[in-house]
Amino acid sequence: MIQNKLGLHARPATVLVKTAIKYRSDFRIKKDDMEINGKSIMGVMMLAAEFGSEIELITDGIDEEFLMRELIEHFENKFDEE
Amino acid sequence: MNIKLKDLLQMKAKELSLTPITKPVTLNNEISSKYISRPGLALAGFFERFAYKRVQILGETEISYMQSMKDEDLYDRLKEVLIYDIPCFIVTKGLSVPKQMVFLAEEMKIAILKSALTTDKFFHLLRNYLEDHFAPTRTVHGTMIDVYGVGLLLTGKSGIGKSECALDLVERGHRIITDDAVKIKLAGENLIALPTNDFGHFMEIRGVGLIDVEKMFGIQAVGLEKQIDVQLELMPWQDNMDYERIGLSDNYVDILGVKKPIIYLPISPGKNVSVIIEVVAMNYILKTFGYDAAKVYTDKLQSELLKKTALRKKQISKN
């Protein structure tokens, strides 16, 4: 669930993408009936995931656990926005 | 950097309509400051803060003041003035200088020149020339091109393909100012890029050698100077480099004390860099026209998010 009040706007989207491209694993995000590549900024912004909405993070590859851990950290920290 | 009066005469005698009055030996004096002084107060006997190192301009006011003085008084005063290490006096409007002054100036090895221009016009032209001559400059390794009227300074390591990139842009109808070495001159708040020599628009293409861009592509492919609007640093693609993704925040670089936007452009084989460079130029033009695509898009996203959040709240309170 998206915890930060402003939702996945440009800045958090950039944080997610920049985190994901550090890893070799694939990263996808699902929301409603959409599934996008989490390493593409336009994709992440297109989701327009607002405060309170639910998304699913999928990591797939040799370093998937580490990527997932870092991604979850960002969400839990509300992207250092609040 | 200093300008010998001889050289000034050689270059600018016609434009400034300058002729020397004192002996040629005095023309070895040098101008060392871009500022110009009107020595009226010094002629009146006030020497505090007399900016004697500057070019001294004698207009109608100064000349008529000297004419109003008694010969002996004028002689004594001139002796006091000319003791200073003044590079030169320039009399405007073609006025004539008191004979004693020429005599004393020659004695003190101070030059006197004459211009037929009005004081105002002469002052303006000389000031512009000196400003330009004494402007801070710097030479950088890079290529300067004019893309749709936007001045782009391409930088990056040797061999990254700046020249090849410039060549591609020339073929697309853009202008090259200089390749390999770019002389940057500070002009007020602007940075002007120029070639470091006047040999013409030659460039080295690896594997081919030197080519003459003007001969090959014609006069429309070259330019003499151009203001720098954006610096573009070409760099080999690195996986973990933090490239700009949205373009909301600009990076800046300091050149001669002026802040200019800089874009770090990752390049990899098979990438069409020229198109990207054209896009950079067009995006710059759009921004100067007040349209910032990154801002427009993220604003739209922001309002969409707000709308959805409000809708969600409404639904929750309904249930």
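Convention: sequence-line order gives letters A, B, ...; per-chain numbering from 1.
Around the NZ atom of B:K183, the shell of radius 6.0 Å holds no more than 12 heavy atoms that belong to other residues, nucleotides or ligands. Residue-environment remark: NZ (B:K271) exceeds the threshold of 12 foreign heavy atoms within 6.0 Å. Counting non-hydrogen atoms of neighbouring residues, nucleotides and ligands closer than 6.0 angstrom, the CD atom of A:E65 reaches no more than 12 such neighbours. Heavy-atom contacts from other residues, nucleotides or ligands closer than 6.0 Å to CG of B:D198 number 12 or fewer. Within a 6.0 Å radius of NE2 in B:H141, more than 12 heavy atoms belonging to other residues, nucleotides or ligands are found. Other residues, nucleotides and ligands contribute over 12 non-hydrogen atoms within 6.0 Å of the CZ atom of B:R172.
Of the two parts of B:R245, the backbone and the side chain both hold a non-hydrogen atom closer than 4.5 Å to a non-hydrogen atom of chain A. Of the atoms belonging to A:A49, it is backbone heavy atoms, and not side-chain ones, that fall under 4.5 Å from chain B. For a residue to count as touching a neighbouring chain, one of its non-hydrogen atoms must lie under 4.5 Å from one of that chain's; by this rule A:I2 does not touch chain B.
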The test is side chain to side chain contact (heavy atoms under 4.5 Å, CB included); show your working for A:M42 and B:Y297 and say whether it passes. CA-CA 10 Å; A:M42 288 300 283; B:Y297 186 91; 3.9 Å; yes

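Atom CZ in A:R11 sits 10.5 Å away from atom CD1 in B:I246 (nearest 0.5 Å). Expressed to the nearest 0.5 Å, how far CG of A:L8 lies from CG of B:L305 amounts to 7.5 Å. Rounded to the nearest 0.5 Å, atoms CD (A:E50) and CG (B:L301) are 11.0 Å apart.
Nearest heavy-atom pair, B:K308 versus A:A48, reported as atom, atom and distance to 0.1 Å: NZ-O, 2.7 Å.
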